[in-house]
Amino acid sequence: MLSGMVLAAKDVDFYIKGLVKYKLFGQELWITTTHVGLFIVSVILIILMIVGHRIIVKADPMAKPKGLQNVLELFVSTIDNLVESIMGSNGKRFRNWICAIFMFILFCNISGLFGLRPPTADYGVTFPLGIITFLIIQINGIKAKKIQHFTNLFKPNPVLFPINLIGEVAVPLSLSLRLFGNIMSGTILMGLIYGLLPTVLTIGIPSVIHVYCDIFSGAIQTYVFCMLTMVYVNDKIAD
């Protein structure tokens, strides 16, 4: 029985797979499952936005919204209220960015429901998201506080400068690792289930775990990433 489990474990699939190999400037590169997942998610989001834009433009402002229009308006109003509740009047400048990363991360997280490997289970995807957020934090902090943005690192005591600096540098790492770790753990769990369970049992049982790993956990991690982004930015620009 143990040997059978060891053999089955060899078929467990939760790592990134190389699909197409090519060379560029003498370097060997791969198109992986992450690239495919990102491409599909991006195409779906672009189509959704184009269709949604046309529906909103043609919609009667006096009529009761329904169908996709109702879903989009509900989503946008929810994000607007969330941003305003966290950032106050400053939120108007950032609601488009928060809405964009919320949809992107959410669709990446739940893509496992459709047989894709979640792109956010690749640190090469979550780390750039953390870096972009870090740049937004620093740029807006400099715009709002000028030189005080840097002198704040020496407060309340110059001795604390190394700790404050580490705290700033740790922001993109904490954001990216939190998202990556949670989504990757779900991917590993589902890979173990599909790789070790008999085929008959993989028809119904994993669906319950998909609800948690892909939908619940995916939505929670999306919310946490966006919430922390707003808190970090607002901390730098608030009076």
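Fair warning: this is a prediction, and the values are worked out from it, not measured in the lab.
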Engineer: I'd like to check Phe134 versus Val169 (side-chain heavy atoms, cut-off strictly below 4.5 Å). Are they in contact?
Structural biologist: no
Engineer: Answer yes or no: is there a side-chain heavy-atom contact under 4.5 Å between Ile46 and Met49?
Structural biologist: no
Engineer: If you group Ile, Leu, Val, Met, Phe, Trp and Tyr by side-chain heavy-atom gaps below 4.5 Å, do Met62 and Leu72 land in one group?
Structural biologist: no
Engineer: Counting only heavy atoms not in Phe161 (residues, nucleotides, ligands), do more than 12 fall under 6.0 Å from its CZ?
Structural biologist: yes
Engineer: If you define the side chain from C-beta out and look only at heavy atoms, does anything of Ile237 sit under 4.5 Å from Phe94?
Structural biologist: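 Counting from C-beta outward, Ile237 and Phe94 do come under 4.5 Å.
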Engineer: Would you sort out whether Leu82 and Met230 count as a side chain to side chain contact (heavy atoms under 4.5 Å, CB included), showing the intermediate values?
Structural biologist: CA-CA 10 Å; Leu82 175 64; Met230 290 185 287; 3.9 Å; yes
Engineer: To the nearest 0.5 Å, tell me how far Lys236 NZ sits from Ile136 CD1.
Structural biologist: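 Going from NZ on Lys236 over to CD1 on Ile136, the span is 14.5 Å.
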Engineer: Is Phe225 close to Thr120 at the side-chain level, that is, under 4.5 Å between some pair of heavy atoms?
Structural biologist: no
Engineer: Give the minimum heavy-atom separation between Gly167 and Val171, together with the two atoms involved.
Structural biologist: O-CG2, 3.5 Å
Engineer: Which value, rounded to the nearest 0.5 Å, describes the distance between Leu129 atom CG and Ser176 atom OG?
Structural biologist: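 Leu129 CG to Ser176 OG: 9.0 Å, rounded to 0.5 Å.
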Engineer: If you take all heavy atoms of Gly218 and Asn109, which pair is closest and at what distance?
Structural biologist: O-ND2, 2.9 Å
Engineer: Under a 4.5 Å side-chain heavy-atom rule over Ile, Leu, Val, Met, Phe, Trp and Tyr, are Val71 and Leu45 clustered together?
Structural biologist: no
Engineer: Starting at CZ of Phe75, measure out to CG of Leu106 and round the result to the nearest 0.5 Å.
Structural biologist: 7.0 Å
Engineer: Working to the nearest 0.5 Å, report the span between CG of Leu228 and CG of Asp235.
Structural biologist: 12.0 Å
Engineer: Using side-chain heavy atoms (C-beta onward) and a distance below 4.5 Å, is Arg95 in contact with Met87?
Structural biologist: no
Engineer: Tell me whether Leu19 shares a hydrophobic cluster with Tyr22, the cluster being built from Ile, Leu, Val, Met, Phe, Trp, Tyr side chains joined at under 4.5 Å.
Structural biologist: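 Cluster IDs for Leu19 and Tyr22 match.
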Engineer: Side chains of Ser217 and Asn182: do they bring a donor and an acceptor to under 3.5 Å?
Structural biologist: no
Engineer: Are the aromatic ring centres of Phe127 and Phe180 under 6.0 angstrom apart?
Structural biologist: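 Between Phe180 and Phe127, which both carry aromatic rings, the centre distance is not below 6.0 Å.
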Engineer: So for atom NZ, which belongs to Lys155, do other residues, nucleotides or ligands contribute more than 12 heavy atoms lying within a distance under 6.0 Å?
Structural biologist: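 Result for NZ/Lys155: enclosed.
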Engineer: Please examine the side chains of Asn152 and Asn164, heavy atoms only from C-beta on, and report whether any two atoms are closer than 4.5 Å.
Structural biologist: no
Engineer: Where do Lys21 and Trp30 come nearest, in terms of heavy atoms and distance?
Structural biologist: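 Shortest heavy-atom separation between Lys21 and Trp30 comes out as CD-CZ2, 3.4 Å.
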Engineer: Is any side-chain heavy atom of Ile105 closer than 4.5 Å to one of Gln221?
Structural biologist: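 In short, these two side chains do not touch, never coming nearer than 4.5 Å.
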Engineer: Which value, rounded to the nearest 0.5 Å, describes the distance between Met184 atom CE and Leu177 atom CG?
Structural biologist: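 Reported value, rounded in 0.5 Å steps: 13.0 Å.
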Engineer: Is it true that Ile40 and Ile50 fall in one hydrophobic cluster, defined by side-chain heavy atoms closer than 4.5 Å?
Structural biologist: no
Engineer: What are the two closest heavy atoms between Cys108 and Ser111, and how far apart are they?
Structural biologist: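 The pair with the smallest heavy-atom distance is O-OG, 2.7 Å.
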Engineer: For the atom pair CZ (Arg93) and CG (Asn140), what is the distance rounded to the nearest 0.5 Å?
Structural biologist: 5.5 Å
Engineer: Looking only at heavy atoms, what is the nearest atom pair of Thr187 and Ala121, with distance?
Structural biologist: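 Distance-wise, the nearest heavy atoms are OG1-CB, 3.6 Å.
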Engineer: Heavy atoms, side chains only, cut-off 4.5 Å: are His149 and Gln138 in contact?
Structural biologist: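 Heavy-atom side-chain distance check passes, below 4.5 Å.
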Engineer: Under a 4.5 Å side-chain heavy-atom rule over Ile, Leu, Val, Met, Phe, Trp and Tyr, are Ile220 and Leu113 clustered together?
Structural biologist: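 Per the 4.5 Å side-chain linkage, Ile220 and Leu113 are co-clustered.
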